[in-house]
Amino acid sequence: MATITLRKTRETRVRGGHPWIYASEIEKVEGAFENGDIVDVADFRGKFIGRGFYNPQSQISLRILTRRDEPCDRDFFARRIRDAWEYRKLLCDLNSCRLIYSESDFLPGLVVDKFGDILVLQSLSLGIERIKDMLCDLLMEIVEPAGIWERSDVPVRRLEGLEQATGLLRGEVPDVVEMRENGIRFLVDVKHGQKTGFFLDQRENRALVERYARGRNVLNLFCYTGGFSVYALGGGALHVDSVDSSAKAMAMVDRNIALNGFSAEQHTSFCADAIEHLAAVEDGRYDLIIVDPPAFAKHRGALKNALRAYQRLNARAIEKIAPGGLVFTFSCSQVVEKEAFALAVFSAAAGTGRRVRILDRLCQPADHAVNIYHPEGEYLKGLLLYVE
């Protein structure tokens, strides 16, 4: 097994528990290896620190798997998957959950979502890619799904020297999977939908919308397949308007609305640009608005423009909402920290001149738990605003 030795001045972060080692932190590499191999990590004195996937093609050159001197063999990965499965059994709805969340489950580069009895897998690192077949076997043994579908069609794979990939990995997977979330039924396009087909990270925030929706007219912007819309109707909303620029997504919204027994009189779909639609809305028409845009910043170079976009969008929502209305606003951009997002929303509110109170600070749920040593795993942040 090859050994990576860290630079003397670059060990503090890794010793503090962070699972990533960058190329600039490596002093030398001793021993033969292939990209994606599991290697040892040592400090400048040669003392063992950990063991992980090594890929010199990537800026994140090493992803630590363990800080113990233990074999990273099939039994090791079986234990990691079982630990993740038992954790979800304890805290999550197994009908709809993120089963494995990369560094948070100590399986860096592996994401697995569970929709009913179907698993959707993303392989995001070369190390995971090289053992993907074994991991699928373990998932079939431990979780016993009907099938596993791959959705590794994400640009980040290029940073690992990998091509994008999709397709059947195990068992049988239908084109559309039906699942239940908090007792609500949804159809999920696991093969062609965004990411893995459904945004499980908003589960608890959707339930919060359900709690506040009674007697309100609701506008769901960037609605995708209508998760927030169905919950709002289930909570007793007077009417819900859903807006998304994707005709395919809007067709699935209508199917999910009907699947849960709601009528066309209770809901209207708009296939339109959400920002333009909001600008054209008459003031006071809605008393609950959901603002859940896609990531405005994929990298730090786009951060300033993203914050300006969040400010403009939230200012418009605050301007439009009826007195006594609620705005649920979110950012899923990992590079936008929660303090910066809150400041952008504060600036938006201040610009409108309206009185605004923060009722709640929102985040991702327990199945997307953040490894305390890997703050990069925290990406979803939101605010619930009361506008007078």
How about [X]: does its [atom1] atom have over 12 heavy atoms from other parts shown lying under 6.0 Å from it?
X      : atom1 : result
Tyr373 : OH    : no
Arg79  : CZ    : yes
Lys191 : NZ    : yes
Phe270 : CZ    : yes
Arg74  : CZ    : yes

Does [X] pair with [Y] as a salt bridge, N-O distance under 4.0 Å?
X      : Y      : answer
Arg354 : Glu319 : no
Lys8   : Asp43  : no
Asp367 : Arg203 : yes
Glu70  : Arg51  : no
Glu129 : Arg157 : yes
Glu181 : Arg206 : yes

Donor-acceptor contact present, side-chain [X] to main-chain [Y], <3.5 Å:
X      : Y      : result
Lys320 : Gly284 : no
Glu25  : Tyr22  : yes
Asp153 : Thr166 : no

Discussion item. Nearest 0.5 angstrom please: Cys92 SG to His368 NE2, how far?
Written reply: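 Between atom SG of Cys92 and atom NE2 of His368 there are 9.5 Å.
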Discussion item. Between His267 and His239, is the ring pair (Phe, Tyr, Trp, His ring centres under 6.0 Å) condition met? List the steps.
Written reply: CA-CA 6 Å; His267 176 266; His239 190 88; 7.1 Å; no
Item to complete: Check the hydrophobic clustering (I, L, V, M, F, W, Y; side-chain heavy atoms under 4.5 Å; chains of links allowed) and say if Ile257 and Ile290 are grouped together.
Response: yes
Item to complete: Quick one: sort the Phe296 and Tyr310 rings into parallel, tilted or perpendicular, breaks at 30° and 60°.
Response: tilted
Fill in: Tyr379, Phe186, Tyr224 screened by ring-ring contact (aromatic ring centres under 6.0 Å, His included) with Phe199, the one that passes
Tyr224
Worksheet item: Does the gap between the ring centers of Phe106 and Phe76 come in under 6.0 Å?
Response: no
